[in-house]
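The figures that follow rest on heavy atoms only: side chains count, while hydrogens, waters and symmetry mates do not. Worth saying up front: this structure is predicted, and the values here are computed from it rather than measured.
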Amino acid sequence: MKPENEKHLKQLIDIVNHRVQGIEYVAQVDQDRAYGGIIRSAKGKMVEDLCKELVRVAWNELDGTSDRLSFSSTKVDIPLRKEYISKIKSKEIKEWITNNYSDFVFKAHVDNHTMIDDKFVLGIECKAFTENAMFKRILVDFAMLKTAYPNLKCGLLQLESQLGGDYSEIDKAIIYGSHSSHTLMSYFDIDLHIMTLIKGERKVDEPIHKAEFFKPLTYEAVIKCIEHIKSLLEEYK
């Protein structure tokens with residue numbers, strides 16, 4: 001790890017741990033928004049911000065120049081599949097769709113669209129935690145994006161895991177996953193790279209933003225995640 005990146009990462013870790021510990025206070029004093037909504041929003045935004053920084057560090061570690069790396073917020077237009085029209089039984093609906101075909105698009109996106117030389121090469125969904133209902137939605141989003149970008153690499157960055165299996169055992173050299181998650185992935189042509197930042201399965205009744213249940217983000221966990229991102233970006237350096 002380059003010295004400047006090591007220093008930056010340690011600062012990021014301190015910021016993240018401080019933000020997690022401060023979420024409860026913000027949620028308690030804010031009278032204008034629902035408590036749960038504040039918690040979800042704050043954690044989600046924090047993971048998205050952290051993700052960008054980890055990608056930047058990974059790219060820098062590969063000696064990639066900053067002018068080649070960017071992040072896009074543009075949603076991707078996914079058109080209606082034409083073969084779907086032939087399956088519609090209603091003549092009126094079929095004609096309506098055919099006559100207005102260009103209007104039928106779904107704007108697909110994930111939280112992080114990493115661009116190298118203005119090409120969308122890596123998508124990363126960012127979650128405070130993930131359970132399998134969310135996991136299904138993530139797989140669908142990536143499946144749609146890959147119709148437009150067949151070579152897109154796909155990642156999930158989660159602060160905590162609620163996917164079962166050993167996704168939360170982040171110290172292991174080989175993480176096998178869970179029965180349910182692998183079963184879901186078997187129905188999609190997606191090589192999804194799952195990266196977990198905090199050790200230990202998420203427990204609904206032990207939220208880490210409460211002092212008694214706080215679990216810190218560690219340098220070792222961040223380094224492991226960066227190495228994973230590096231492997232996804234290496235071919236573009």
Run the salt-bridge test on [X] and [Y] with the 4.0 Å N-O cut-off and return the result as yes or no.
X: Glu53; Y: Arg56; answer: yes
X: Lys107; Y: Asp77; answer: yes
X: Lys199; Y: Asp171; answer: yes
X: Lys136; Y: Asp141; answer: no
X: Lys2; Y: Glu6; answer: no
X: Lys237; Y: Glu234; answer: yes

Connected-component partners of Tyr84 among ILVMFWY, side-chain separation under 4.5 Å: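 Joined to Tyr84, directly or through intermediates: Leu80, Ile85, Ile88, Ile93, Trp96, Ile97, Tyr101, Phe104.
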Residues clustering with Ile170 (ILVMFWY side chains joined when closer than 4.5 Å, directly or via others):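 Listed partners: none, Ile170 stands alone.
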Minimum side-chain heavy-atom gap Trp59-Lys230 below 4.5 Å: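 The answer is no; the side chains never approach within 4.5 Å.
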Heavy-atom check, side chain of His109 versus side chain of Val76, under 4.5 Å: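 Of all side-chain heavy-atom pairs linking Val76 with His109, none is under 4.5 Å.
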Non-neighbouring partners of Val47 that pass side-chain contact (heavy atoms from CB on, under 4.5 Å), sequence neighbours left out: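 In terms of side-chain contact (heavy atoms from CB on, under 4.5 Å), with neighbours along the sequence ignored, Val47 is linked to Cys126, Leu157, Leu159.
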Test side-chain hydrogen bond (donor to acceptor under 3.5 Å, both in side chains) applied to Glu83 - qualifying residues, sequence neighbours left out: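 Arg81.
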Asp14: partners by side-chain hydrogen bond (donor to acceptor under 3.5 Å, both in side chains), with sequence neighbours left out: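 For Asp14 there are no side-chain hydrogen bond (donor to acceptor under 3.5 Å, both in side chains) partners, ignoring immediate neighbours.
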Aromatic plane relationship, Tyr149 with Phe120 - under 30° parallel, 30 to 60° tilted, over 60° perpendicular: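 Phe120 vs Tyr149 ring planes: perpendicular.
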Donor-acceptor contact present, side-chain Asn5 to main-chain Met1, <3.5 Å: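 No.
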Partner set under salt bridge (charged side-chain N to carboxylate O under 4.0 Å, His left out) for Lys203, not counting sequence neighbours: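 Partners of Lys203 by the salt bridge (charged side-chain N to carboxylate O under 4.0 Å, His left out) criterion come out as none, since no residue qualifies.
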Sole candidate of Glu131, Lys127, Glu201, Arg202 that passes side-chain hydrogen bond (donor to acceptor under 3.5 Å, both in side chains) when paired with Gln162: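 Answer to the side-chain hydrogen bond (donor to acceptor under 3.5 Å, both in side chains) test with Gln162 among Glu131, Lys127, Glu201, Arg202: Arg202.
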